[in-house]
Amino acid sequence: MTPQGVTIDGRRRRALECARMRARPLLAAALVLIAAPSLRAETPAEAARALVARYHEDATTIDRARTLLEGALEKERQVDTMIALSYVNFLVGDVRATTSDEKLAAYDRGREIGKRAVELAPKSHDAHLWFAINTARWGQTKGILRSLFLVPTVKEEIATLLDLNPKSLRAHILAGNVFLELPGFVGGDRAKAEEHFKKALEVDPHFTAARVDLARLYIASGRNADARRELQRVINETAPTFVADCTVKDIPRAKELLASIKDKS
């Protein structure tokens, strides 16, 4: 006769085995749910942003990102793809284009795609942002006085951006540049420009483009000591928000501006 304790242990083992069998499907389902986010396919916009994040290592990543997004847009008109393509065209104009015509073409494509994104998503901050930035950059490249007809559009976009997000870093930088670059008779205002650049740096003190632009304003105002301080901070920055922009654009600009005021008090 089997001892009573052994019988109970056998029953316990069988019960535990049954419990394990029932738990396995639940565990498998839980693991699938946990893994699902990592298995989600990367969108074209995400892939493009990942590419251009390292354009300081390989500038052709900008070209590949543009090709990727243009192809994706032909298949499906997603707003996020349009926003990313507008941004990438801005980079093409700033970094890859070598002539004024190439720059104008890139910024024009950027504002065209940005405008379509705004039409489809009127509450999208980033859609308005890249439409506005490309429009302003196109006007700057074309010539301020030849592009005054764009000023109302850019100012309207800045107002919309700051309504959508009062702490919009790039919107404050854009506003600062507009007030800095425009002649006084059409709204240029250095005091307002300084206010916007400083607000941008309050939001993110490691955003080196804002610091370079603040230094430009100081130079234009004859405040060379203040400009040197800001430019040196750009050169010494160890944790820039955008490494690629800082490396390729902001540090070289800072060095050029420092050299331009080398012998000025």
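- A side-chain N or O of D58 and one of T60 form a donor-acceptor pair less than 3.5 Å apart.
- Across every non-hydrogen atom of A171 and I158, the tightest pair is O-CG2, 4.5 Å.
- With rounding to the nearest 0.5 Å, the separation of NE2 in H125 from OG in S168 is 2.5 Å.
- Residues I219 and V234 fall within the same hydrophobic cluster, defined by Ile, Leu, Val, Met, Phe, Trp and Tyr side chains chained together at heavy-atom separations under 4.5 Å.
- Hydrophobic clustering, with ILVMFWY side chains joined whenever heavy atoms are under 4.5 angstrom apart, keeps F131 apart from L91.
- Salt bridge status for K198 with E194: present, with a side-chain N to carboxylate O gap under 4.0 Å.
- Remark: D80 engages R49 in a salt bridge, criterion side-chain N to carboxylate O under 4.0 Å.
- When the side chains of ILVMFWY residues are joined at heavy-atom separations under 4.5 Å, either directly or via intervening members, W130 and Y107 end up in a single hydrophobic cluster.
- Between R54 and H56 the shortest side-chain heavy-atom distance falls below 4.5 Å.
- Between the NZ atom of K167 and the CG atom of L162 there is a distance of 13.0 Å, given to the nearest 0.5 Å.
- Screening R137, H172, H196, R216 for a side-chain contact (heavy atoms from CB on, under 4.5 Å) with N177, the sole residue that qualifies is R216.
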#### Entry: side chain to side chain contact (heavy atoms under 4.5 Å, CB included) assessment of L68 paired with V88
CA-CA 11 Å; L68 169 69; V88 168; over 6 Å; no

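- Panel note: side chain D250, backbone A209; a donor-acceptor pair is recorded below 3.5 Å.
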### Task
Test Y218 against R228 for side chain to side chain contact (heavy atoms under 4.5 Å, CB included), laying out the working first.
CA-CA 9 Å; Y218 286 151; R228 287 190 188 92; over 6 Å; no

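- To the nearest 0.5 Å, atoms CG (L73) and CE (M82) are separated by 5.0 Å.
- P183 places a side-chain heavy atom less than 4.5 Å from the side chain of L145.
- Looking at every heavy atom in both residues, R96 comes nearest to D63 through NH2-OD2, 2.6 Å.
- Under a 3.5 Å cut-off, the side chain of H128 and the backbone N or O of V118 do not form any donor-acceptor pair.
- For the atom pair L214 CG and E230 CD, the distance stands at 5.0 Å (nearest 0.5 Å).
- Shown here for A200 and I173, the closest heavy-atom pair between the two residues is CB-CG1, 3.7 Å.
- Taking all atoms of both residues into account, the shortest heavy-atom contact from K155 to V186 is NZ-O, 3.5 Å.
- Counting only heavy atoms from C-beta outward, the side chains of R66 and V92 approach each other to under 4.5 Å.
- Put simply, NZ on K199 and CG on L169 are 13.0 Å apart, with the number rounded to the nearest 0.5 Å.
- Counting heavy atoms of neighbouring residues, nucleotides and ligands inside a 6.0 Å radius, atom NZ of K115 does not exceed 12 of them.
- Taken together through direct or relayed side-chain contacts under 4.5 Å among Ile, Leu, Val, Met, Phe, Trp and Tyr, I133 and I144 form part of one hydrophobic cluster.
- Heavy atoms only, all atoms of each residue included: L150 and G139 are closest at CD1-CA, 4.1 Å.
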Donor-acceptor contacts under 3.5 Å from residues 253-265 side chains, at least two apart:
| from | atom 1 | to | atom 2 | distance (Å) |
| --- | --- | --- | --- | --- |
| R253 | NH2 | D213 | OD1 | 3.1 |
| S260 | OG | L257 | O | 2.6 |

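- Using a 4.5 Å heavy-atom cutoff, the side chains of Q140 and S147 are not in contact.
- When every heavy atom of L217 is checked against every heavy atom of A193, the shortest pair comes out as CD1-CB, 3.3 Å.
- Linking ILVMFWY residues whenever their side-chain heavy atoms come closer than 4.5 Å, directly or via other members, places Y87 and L129 in the same cluster.
- Heavy atoms from other residues, nucleotides or ligands lying under 6.0 Å from CZ of R170 number more than 12.
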### Message
Could you go through E112 and R109, starting from their C-alpha distance and side-chain angles, then the distance that decides it, and tell me whether this counts as salt bridge (Lys or Arg N to Asp or Glu O under 4.0 Å)?
### Response
CA-CA 5 Å; E112 174 201 345; R109 177 61 172 159; 3.2 Å; yes

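- By the 4.5 Å heavy-atom criterion applied to side chains, E156 and T153 are not counted as neighbours.
- Panel note: side chain N236, backbone Q232; a donor-acceptor pair is recorded below 3.5 Å.
- Within a 6.0 Å radius of NZ in K249, other residues, nucleotides and ligands contribute more than 12 heavy atoms.
- Using the six-membered ring where Trp is involved, F242 and F207 have ring planes that are perpendicular, over 60° apart on the 30 and 60° scheme.
- N89 contributes atom CG, which lies 10.5 Å from atom CD1 of I62 (distance to the nearest 0.5 angstrom).
- In this model, a donor atom of one side chain and an acceptor atom of the other lie less than 3.5 Å apart for N134 and S86.
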